[in-house]
Undergrad: 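To start, I am sharing the structure in question, which I have written as structure tokens.
Whatever order the structure lists ligands and atoms in, that order sets their numbers, starting from 1. Small disclaimer: the values here were computed from a predicted structure and weren't measured.
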Amino acid sequence: MSQEFDIVVIGAGPGGYIAAIRAAQLGFSVACVDDWTRRDGKPAPGGTCTNVGCIPSKALLQSSENFERAGHGFAEHGIAIGGLSIDVAKMLARKERIVAQNNDGILLLFRRNKVTPFHGRARVAGRSGERWVVAVDGPGAAELAATHVIVATGSLPRPLPGVAFDNLRVLDNAGALAIAEVPKRLGVIGAGVVGLELGSVWRRLGAEVTILEALPGLLPTADEAVAKEALRSLTRQGLAMRFGVTVGAVGAGPDGVDVAWRDADGSGQQARFDRLIVSIGRVPTTAGLGARDIGLALDARGFVEVDAECRTNLPNVWAIGDVVRGPMLAHKAEEEGVAVAERIAGQRPEVDFGTIPWVIYTAPEIAWVGRTERELGAAGVDVRVGSFPFTANGRARAMGETSGFVKIVADAGNDRVLGMHVVGPMAGELVEEGVVAMEFGAASEDLARICHAHPTLSEATREAALAVGRRALNI
Ligand code: FAD
Ligand code: NAI
């Protein structure tokens with residue numbers, strides 16, 4: 001006998017759990033099925049983001065940044081620390097506690113919003129009249145029936161061809177967030193977001209880190225000046241990066257991982273690492289969902305095919321987040337989750353991919369929204385640009401974090417803000433002003449005329465906006 005709902009959401013990552021809550025707020029009866037399980041067997045909703053992504057990586061970034069500051073940053077403040085050490089087990093236990101708080105928080109939100117959680121693996125079994133039947137296997141085995149299904153099954157790390165993750169020597173993101181002791185030599189394949197963030201964590205704790213990247217340069221989608229400054233800062237911190245690399249044989253054994261590669265100039269290289277993080281992107285999760293049996297269309301790369309409003313080819317089946325096209329970001333998944341719930345309720349929300357911010361939580365942070373000067377140039381848009389360095393910002397000087405700048409790109413004709421690019425302290429917080437400006441169709445002059453508190457990092461944004469009109473005041 002099926003349990004009846006208006007909507008069944010499959011997956012409780014940031015896409016799924018937010019979709020479930022918004023749908024419940026709108027008056028629907030909602031079930032949310034998720035298979036993530038804690039070591040003690042309990043459900044661990046929150047998906048990749050909460051369990052092995054955004055949240056634990058930021059916990060370790062914070063711990064390692066504190067260690068780095070205590071070791072190298074405090075001395076200039078007159079603070080001397082003797083006998084500095086890192087207890088990795090304690091650091092990892094703190095990370096696990098934060099993850100568990102977030103898991104529990106989502107279960108609490110489900111209770112508050114009357115979302116019914118199911119713990120197990122969901123398969124769309126077929127139609128029963130106008131309703132979809134969803135079979136749940138696992139601890140919370142059940143049969144559910146619903147008018148609408150929202151697929152929010154997320155993504156998994158992409159392995160190197162022929163090299164399986166063992167999470168002992170060859171690590172995916174989960175393994176890279178759980179290394180029990182600081183490796184002496186850490187290899188990282190892929191200088192993308194995971195490689196830079198987790199490479200930074202273990203570098204700050206003392207590992208020698210070598211990052212091997214296939215592309216000829218760092219962060220090709222970022223603003224060129226931002227990428228250049230990021231490369232300078234990260235290299236200065238000791239991250240050894242090699243670009244234009246072709247990775248060859250990878251062999252894991254009891255003493256380490258041997259990696260062979262060809263450098264950009266064609267020369268053959270070889271190194272042994274204690275651990276190897278493979279962070280070369282992620283692939284959509286559709287295994288076990290029953291996609292083929294019900295005729296759910298996937299694209300050539302395995303993503304669930306959706307239109308601009310997250311509708312699949314099947315009636316009342318929607319898909320959101322990492323399992324569909326677009327950036328693999330938690331906040332993009334959330335936006336799509338809210339939008340689908342509201343569309344089911346007959347509303348007409350919009351998700352604008354053009355104003356989704358990117359943040360890379362290295363030190364300095366890297367963040368941007370909108371298009372780069374180069375992209376706009378290539379599209380034939382005339383722009384005016386203003387930049388302001390943190391070396392000229394009083395708060396950044398007081399913090400001792402002066403590397404980087406804010407850059408604002410505006411339309412040369414009507415002055416509308418088309419992009420904001422930041423490398424520097426708290427870039428991820430600062431960029432939100434650019435998101436708001438773009439969403440409201442603001443001109444750079446609007447930003448320049450808004451009062452910003454002194455002394456704050458956000459004054460650098462105002463100065464960059466003033467610089468668009470060639471009238472920065474503090475430089
Ligand atoms: P997921 O979070 O992957 O959740 C999908 C859930 O569905 C999982 O729990 C999965 O087990 C479950 N599931 C799958 N199939 C089934 C099934 N058949 N039945 C039941 N359950 C199923 N993004 C950011 O925006 N900011 C960051 O700082 C950030 N940091 C990251 C750091 C790392 C190391 C990684 C790997 C990713 C990071 N991301 C970050 C990306 C972010 O984690 C993803 O974009 C986000 O989690 C996608 O959300 P989702 O809901 O689509 O899927
Ligand atoms: P990524 O797509 O960011 O980077 C992968 C990198 O690996 C690319 O630079 C690519 O050129 C390189 N690469 C691919 N194949 C290679 C090969 N064979 N040899 C050498 N280099 C190779 O993917 P990543 O870092 O795995 O992260 C996955 C996703 O998770 C990201 O796209 C991002 O959306 C999300 N994420 C977001 C974070 C944030 O918002 N702060 C943090 C971490 C992850």
Side-chain angles (χ1 to χ4, degrees), residues 9-19 32-37 43-58 60-61 118-124 134-138 140 151-158 160-161 163 172-174 176-177 188-199 201 211-221 242-248 250 261 277-291 319-324 326-334 336-337 356-362 365-367 428:
V9 182
I10 304 179
Y17 93 78
I18 287 292
C32 185
V33 190
D34 190 88
D35 61 354
W36 211 295
T37 307
T48 301
C49 168
T50 300
N51 292 294
V52 291
C54 322
I55 300 300
S57 60
K58 270 76 246 180
L60 295 192
L61 279 157
F118 287 86
H119 186 203
R121 198 150 185 88
R123 180 174 53 86
V124 187
V134 176
V136 182
D137 295 325
V151 176
T153 47
S155 63
L156 291 165
R158 179 202 306 282
L160 269 174
V163 186
D172 61 14
N173 53 298
L177 288 161
V188 179
I189 300 189
V193 204
V194 171
L196 294 180
E197 289 189 358
L198 297 183
V201 165
I211 305 185
L212 305 177
E213 166 60 46
L215 295 174
L218 186 68
L219 300 175
T221 54
R242 305 228 188 182
F243 295 102
V245 155
T246 309
V247 175
V250 174
W261 74 90
I277 299 175
V278 176
S279 46
I280 57 169
R282 298 178 63 81
V283 291
T285 311
T286 53
L289 193 61
I320 59 172
D322 277 13
V323 79
V324 303
M328 286 184 162
L329 295 172
H331 41 285
K332 175 265 194 183
E334 291 182 21
E336 288 183 333
I356 293 178
W358 277 86
V359 182
I360 306 175
Y361 297 82
T362 45
E365 285 185 359
I366 303 159

Undergrad: Please list, in number order, the atoms of ligand 2 under 4.0 Å from a heavy atom of M328.
TA: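 The list of qualifying atoms is 33 (C), 34 (O), 35 (C).
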
Undergrad: Which residue and atom name correspond to the protein heavy atom nearest atom 44 (C) of ligand 2, and how close is it?
TA: V194 CG2, 3.5 Å

Undergrad: Check V52 against N173 and note the closest heavy-atom contact, atom names and distance.
TA: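 Scanning both residues, the minimum pair turns out to be O-ND2, 2.7 Å.
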
Undergrad: Would you mind listing which atoms of ligand 2 come within a distance below 4.0 Å of any non-hydrogen atom of Y361?
TA: 41 (N)

Undergrad: In the protein, which heavy atom is nearest to atom 15 (N) of ligand 1, and how far is it?
TA: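 Sorting protein heavy atoms by distance from atom 15 (N) of ligand 1 puts T153 CG2, 3.3 Å first.
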
Undergrad: Of the protein's non-hydrogen atoms, which lies at the shortest distance from atom 51 (O) of ligand 1, and what is that distance?
TA: G15 N, 2.9 Å

Undergrad: Report yes if some N/O of T48 lies less than 3.5 Å from some N/O of ligand 1; otherwise report no.
TA: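 Yes, at least one N or O pair falls under 3.5 Å.
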
Undergrad: Any nitrogen or oxygen of V359 lying under 3.5 Å from a nitrogen or oxygen in ligand 2? Just yes or no.
TA: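 V359 vs ligand 2: N/O contact under 3.5 Å present.
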
Undergrad: Give me the residue, atom name and distance of the protein heavy atom closest to atom 22 (C) of ligand 2.
TA: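 Answer for atom 22 (C) of ligand 2: I280 CG2, 3.6 Å.
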
Undergrad: Among protein heavy atoms, which sits nearest to atom 40 (C) of ligand 1, and what does the distance come to when rounded to 0.1 Å?
TA: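 Nearest protein contact, heavy atoms only, for atom 40 (C) of ligand 1 is C54 SG, 3.2 Å.
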
Undergrad: Please compare A122, A333, A319 and report which has the shortest non-hydrogen distance to atom 17 (C) of ligand 1.
TA: A122

Undergrad: What's the shortest distance from atom 22 (C) of ligand 1 to any protein heavy atom, and which residue and atom give it?
TA: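 Nearest protein contact, heavy atoms only, for atom 22 (C) of ligand 1 is D35 OD1, 3.5 Å.
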
Undergrad: In terms of residue, atom name and distance, what is the protein heavy atom nearest to atom 30 (O) of ligand 2?
TA: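 Ranked first by proximity to atom 30 (O) of ligand 2 is R282 CD, 3.9 Å.
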
Undergrad: Just jot down the ligand 1 atoms closer than 4.0 angstrom to any heavy atom of G321, in number order.
TA: 52 (O)

Undergrad: Would you mind checking which non-hydrogen protein atom is closest to atom 6 (C) of ligand 1, with the distance to 0.1 Å?
TA: D34 OD1, 3.4 Å

Undergrad: Among protein heavy atoms, which lies nearest atom 5 (C) of ligand 2, and at what distance?
TA: S279 O, 3.5 Å

Undergrad: At less than 4.0 angstrom from any non-hydrogen atom of G47, what atoms of ligand 1 do you find?
TA: 2 (O), 4 (O), 8 (C), 9 (O)

Undergrad: What do you reckon, does I360 have a nitrogen or oxygen under 3.5 Å from a nitrogen or oxygen of ligand 2?
TA: no

Undergrad: Find all atoms of ligand 2 within a distance of less than 4.0 Å from any non-hydrogen atom belonging to I189, and give their numbers and elements.
TA: 19 (N), 20 (C)

Undergrad: At the 4.0 Å heavy-atom cut-off, does P327 count as touching ligand 2?
TA: no

Undergrad: If you measure from each non-hydrogen atom of R158 to ligand 2, which part falls under 4.0 Å: side chain, backbone, both or neither?
TA: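 Looking at R158 and ligand 2, no heavy atom falls under 4.0 Å.
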
Undergrad: Quick one: does L196's side chain get under 4.5 Å of V188's, heavy atoms only?
TA: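 Not touching, per the 4.5 Å side-chain cut-off.
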
Undergrad: At under 4.0 Å between heavy atoms, is it the side chain or the backbone of L212 that contacts ligand 2, or both, or neither?
TA: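 Backbone only.
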
Undergrad: Can an N or O of V247 be found at a distance shorter than 3.5 Å from an N or O of ligand 2?
TA: no

Undergrad: Which of the atoms in ligand 1, numbered in the order shown and given with their element, are less than 4.0 Å from a heavy-atom of S155?
TA: 3 (O)

Undergrad: Taking distance alone, with N or O pairs closer than 3.5 Å, would you say T285 contacts ligand 1?
TA: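 Among all N and O atoms of T285, none is under 3.5 Å from an N or O of ligand 1.
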
Undergrad: Going by the order shown, which atoms of ligand 2 are within less than 4.0 Å of some heavy atom of L160?
TA: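 It comes down to these atoms of ligand 2: 18 (N).
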
Undergrad: For atom 24 (C) of ligand 1, what is the nearest protein heavy atom, given as residue, atom name and distance?
TA: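 Here the closest protein heavy atom is A330 N, 3.5 Å.
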
Undergrad: Kindly identify the option in V52, I10, V134 whose heavy atom sits closest to atom 34 (C) of ligand 1.
TA: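 It is V52 whose heavy atom sits nearest to atom 34 (C) of ligand 1.
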
Undergrad: Which atoms from ligand 2 have a heavy atom of L215 less than 4.0 Å away?
TA: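 Those atoms are 11 (O).
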
Undergrad: Which pair of non-hydrogen atoms, one from I320 and one from A333, has the smallest distance, and what is that distance?
TA: CD1-O, 4.3 Å

Undergrad: Quick one: does A191 get an N or O within less than 3.5 Å of an N or O on ligand 2?
TA: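 No; the residue has no nitrogen or oxygen that sits under 3.5 Å from a nitrogen or oxygen of the ligand.
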
Undergrad: With respect to S155, which candidate in T286, T285, T48, D322 satisfies the side chain to side chain donor-acceptor pair (under 3.5 Å) definition?
TA: D322

Undergrad: Has ligand 2 got any nitrogen or oxygen that is less than 3.5 angstrom from a nitrogen or oxygen of E213?
TA: yes

Undergrad: So which heavy atom in the protein is nearest atom 28 (O) of ligand 1, and how far is it from that ligand atom?
TA: K58 NZ, 2.6 Å

Undergrad: Which of these, G53, G11, G195, has its nearest heavy atom closest to atom 32 (C) of ligand 1?
TA: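 Among G53, G11, G195, the closest heavy atom to atom 32 (C) of ligand 1 comes from G53.
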
Undergrad: Short list, please: which atoms of ligand 2 are under 4.0 Å from a heavy atom of G190?
TA: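 Taking each heavy atom of G190 in turn, ligand 2 has 6 (C), 7 (O), 12 (C), 21 (N) under 4.0 Å.
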
Undergrad: List every atom of ligand 1 that sits less than 4.0 Å from any heavy atom of H331, numbering the atoms from 1 in the order shown and giving each element.
TA: 25 (O)

Undergrad: When only distance counts, is L329 in polar contact with ligand 1, meaning an N/O pair under 3.5 Å?
TA: yes

Undergrad: Need the ligand 2 atom indices (1-based, order shown) with element for anything under 4.0 Å from a heavy-atom of W358.
TA: 34 (O)

Undergrad: So, regarding R282 and ligand 1 (criterion: nitrogen or oxygen to nitrogen or oxygen, under 3.5 Å), is there a contact or not?
TA: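 Checking ligand 1 against R282, no N or O pair falls under 3.5 Å apart.
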
Undergrad: Backbone, side chain, both or neither: what part of N173 comes under 4.0 angstrom of ligand 2, heavy atoms only?
TA: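 It is neither; nothing of N173 touches ligand 2.
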
Undergrad: Report yes if C49 has an N/O atom closer than 3.5 Å to an N/O atom of ligand 1; otherwise report no.
TA: yes

Undergrad: For atom 20 (C) of ligand 1, grab the closest protein heavy atom and report residue, atom and distance to one decimal in Å.
TA: G120 O, 3.3 Å

Undergrad: Consider ligand 1: state whether an atom of it lies below 4.0 angstrom from any non-hydrogen atom of S57.
TA: yes

